[in-house]
Asks: 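There's a structure below that I have some questions on.
We use all heavy atoms of the structure for the numbers below, so side chains are in, but hydrogens, waters and symmetry mates are not. Each residue takes its place number in the sequence, starting with 1.
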Amino acid sequence: MRILVIENDSRAPAGIVGERMAARGLTADVVRPHDGDSLPDHPDGYAGAVILGGTMAADDDAGFPVFRPMVNLLQRFHAEERPLLGICLGSQLLARSFGGTVRRFEGGLELGYVPISLTEAGASDPLLAGTGPAQRIMQWHQDTFDLPRDAVHLMEGAACRAQAFRFGRSAYAFQCHFEAHPGIVDGWLAAYAGTLPRHYGEAAPSHVERVRRETAEHAAAQRRFAETVSDRWLDLVQGS
C-alpha cells in the first residue's frame, strides 16, 4: 500500500508519521515538488496523502506555481475519499483546497511547544478521542487559516484559534507540528535561528534556548500524541 508524501521542504520530513508508516510496512512515496519532482496527475495507486510543512505561503501561486496543481490533486484525493493529512503548511493547503482563507497570523510568529486544547468535537473525534484535553505541541508558523465552511474544528489555541480540523470523514489538518521529533526541531533551530531577530530582536537567542528547554520537557508527550494520531489516521488509510 502506497501513501503519497508531499515534502514541501527537505528540512520538514514526515518524522514520527513516517516512522509509523514504516512500522506498518507501508510505502511512503516522497515527492519534493519545489525541488523539481513531478506531482502525480491523479490519486491512482495511492491509498492516501500526507502534505508536510515549509516556509512558503500557501496562497502564493506566483512564487510557488506548484501550489495550484497541488490543490487540484488534493481535491481529487478527497473526492475519491482517499484520506488526507496536512501538517502546518499542509494544513493551510488543505484549508485552501476546501474553500478556507489562508492569511498572516496576527501574532506574527507562533514558536515553541504551545498549549492547545481539544474542542468539544475534537474530544469525540476518531483520531483524537482519549488523547487528553490539552497538549503542548511544537509550532513554527507565521500564517494561519480561517476554517473552511462545513469543516469540523478539532483543536484550538489561545493565540491561534485554528489548530486542527476535519473535513468530511478522512481529511485532517493540523497547524501544529506533531510530527516533529527533537532531531527535526534541532535542525530547524540550526537552519532558521537567523530569521528570528526580525520577530524577537535582541531577545532571539533566548527564544532559541526556550524552545530547546521546551523540547526537553514536552517532546516525549508529543511523541505519544503523534504516534496515536498517526496510527489512527493510518487505520483510516488501510480501511479505505
Side-chain angles (χ1 to χ4, degrees), residues 1-56 58 64 66-67 69-95 97 126-128 137-138 140-141 164 166-188 191 219 222-240:
M1 184 171 284
R2 298 166 66 214
I3 298 174
L4 177 66
V5 177
I6 300 176
E7 195 174 279
N8 287 296
D9 186 328
S10 61
R11 294 188 177 98
I16 297 169
V17 179
E19 291 174 9
R20 299 314 302 159
M21 289 185 209
R24 289 173 176 240
L26 302 174
T27 299
D29 190 355
V30 178
V31 297
R32 295 174 176 167
H34 304 284
D35 294 339
D37 290 351
S38 297
L39 286 169
D41 295 325
H42 46 70
D44 293 358
Y46 294 106
V50 177
I51 314 93
L52 297 167
T55 59
M56 309 84 173
F64 305 98
V66 74
F67 281 153
M70 190 185 300
V71 164
N72 291 338
L73 178 64
L74 299 178
Q75 290 169 339
R76 289 192 64 180
F77 265 85
H78 183 68
E80 296 183 16
E81 298 187 344
R82 302 183 192 221
L84 295 165
L85 178 63
I87 296 174
C88 199
L89 173 63
S91 73
Q92 297 158 12
L93 287 163
L94 284 184
S97 298
L127 259 64
L128 295 170
I137 299 181
M138 179 63 190
W140 196 322
H141 66 99
R166 186 184 75 246
F167 194 83
R169 182 185 69 88
S170 59
Y172 281 85
F174 291 84
Q175 179 61 70
C176 53
H177 277 289
F178 71 83
E179 86 294 359
H181 54 63
I184 292 175
V185 175
D186 285 346
W188 293 344
Q222 174 173 306
R223 171 172 283 279
R224 290 191 293 271
F225 174 87
E227 289 180 347
T228 296
V229 170
S230 298
D231 282 338
R232 290 175 176 179
W233 183 76
L234 291 169
D235 286 343
L236 291 176
V237 171
Q238 294 185 287
S240 62

Asks: To the nearest 0.5 Å, tell me how far Ile87 CD1 sits from Ile51 CD1.
Replies: 9.0 Å
Asks: For the side chain of His177 and the backbone of Glu179, is there at least one donor-acceptor N/O pair under 3.5 Å apart?
Replies: no
Asks: Quick one: does Arg24's side chain have a donor or acceptor within less than 3.5 Å of a partner on Asp231's backbone?
Replies: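 Answer holds: yes.
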Asks: Is there a donor-acceptor contact under 3.5 Å linking the side chains of Glu80 and His78?
Replies: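 Distance-only check fails for Glu80 and His78.
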Asks: Between the side chain of Glu7 and the main-chain N/O of Ala14, is any donor-acceptor distance below 3.5 Å?
Replies: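 Looks like no, no N/O pair under 3.5 Å.
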Asks: Among residues at least two apart in sequence or on other chains, which ones pass ring-ring contact (aromatic ring centres under 6.0 Å, His included) with Trp233?
Replies: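 None.
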Asks: Testing the basics here: between Arg82 and Gly45, what is the closest heavy-atom pair and its distance to 0.1 Å?
Replies: NH1-N, 3.9 Å
Asks: Output the distance between atom CG (Leu93) and atom SG (Cys88), rounded to the nearest 0.5 Å.
Replies: 10.0 Å
Asks: So which heavy atom on Ile6 is nearest to which on Met70, and how close?
Replies: CG2-CE, 3.8 Å
Asks: Looking at Asn8 and Leu52, would you say the former's side chain and the latter's main chain have a donor-acceptor pair under 3.5 Å?
Replies: yes
Asks: Without swapping roles, check the side chain of Arg11 against the backbone of Pro13 for a donor-acceptor pair under 3.5 Å.
Replies: no
Asks: Assign the ring pair Phe77 / Tyr46 to parallel, tilted or perpendicular, where the plane angle (0 to 90°) is split at 30° and 60°.
Replies: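 Ring orientation of Phe77 relative to Tyr46: tilted.
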Asks: Between Arg76 (side chain only) and Asp41 (backbone N and O only), is there a donor and an acceptor less than 3.5 Å apart?
Replies: yes
Asks: Within this structure, what is the CG-CD distance for the pair Leu236 and Glu81, rounded to the nearest 0.5 Å?
Replies: 11.5 Å
Asks: Taking all non-hydrogen atoms of both residues, which atom of Leu94 and which atom of Ala173 are closest, and how far apart?
Replies: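 Minimum heavy-atom contact is CD1-CB, 4.1 Å.
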Asks: Using atom types as modelled and distance alone, determine if a side-chain donor or acceptor of Gln75 lies under 3.5 Å from a backbone N or O of Ser97.
Replies: yes
Asks: Using atom types as modelled and distance alone, determine if a side-chain donor or acceptor of Arg232 lies under 3.5 Å from a backbone N or O of Leu127.
Replies: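 Pair found, side chain donor or acceptor close to backbone of Leu127.
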Asks: Which pair of non-hydrogen atoms, one from Pro43 and one from Leu73, has the smallest distance, and what is that distance?
Replies: N-CD1, 4.1 Å
Asks: Walk me through whether Phe67 and His34 qualify under side chain to side chain contact (heavy atoms under 4.5 Å, CB included).
Replies: CA-CA 9 Å; Phe67 281 153; His34 304 284; 3.7 Å; yes
Asks: Identify the heavy atoms of Gly53 and Ala12 that sit nearest to each other, and give their distance.
Replies: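 Gly53 and Ala12 have their closest heavy atoms at O-CB, 3.7 Å.
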Asks: Search all heavy atoms of Ile184 against all heavy atoms of Gly15 and return the closest pair with its distance.
Replies: CD1-CA, 3.7 Å
Asks: Please work out which of the three classes, parallel, tilted or perpendicular, describes the rings of Phe174 and Tyr172, given edges at 30° and 60°.
Replies: parallel
Asks: Using a 4.5 Å cut-off on heavy atoms from C-beta on, say whether the side chain of Val30 contacts that of Leu4.
Replies: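 Answer no - side chains too far apart.
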Asks: Does some side-chain heavy atom of Arg2 sit less than 4.5 Å from a side-chain heavy atom of Leu26?
Replies: no
Asks: Quick one: are His181 and Gln222 in side-chain contact, heavy atoms under 4.5 Å?
Replies: no
Asks: Taking Asp37 for the side chain and Val31 for the main chain, is one N or O donor matched with an acceptor at less than 3.5 Å?
Replies: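 The answer is no, because no donor-acceptor pair under 3.5 Å joins these two groups.
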Asks: Do the non-hydrogen side-chain atoms of Cys176 and Met138 ever get within less than 4.5 Å of each other?
Replies: no
Asks: Rounded to the nearest 0.5 Å, how far does CD1 of Ile16 lie from CZ of Phe225?
Replies: 10.5 Å
Asks: Rounded to the nearest 0.5 Å, how far apart are OG1 of Thr228 and CZ of Arg20?
Replies: 9.0 Å
Asks: CG/Leu74 to CG/Leu84 distance, rounded to the nearest 0.5 angstrom?
Replies: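 Nearest 0.5 Å value for the CG-CG distance: 6.0 Å.
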Asks: Going by heavy atoms in the side chains, are Thr27 and Ile3 under 4.5 Å from each other?
Replies: no
Asks: Look at the side chain of Gln175 and the backbone N and O of Leu89, then say whether any donor-acceptor pair between them is shorter than 3.5 Å.
Replies: no
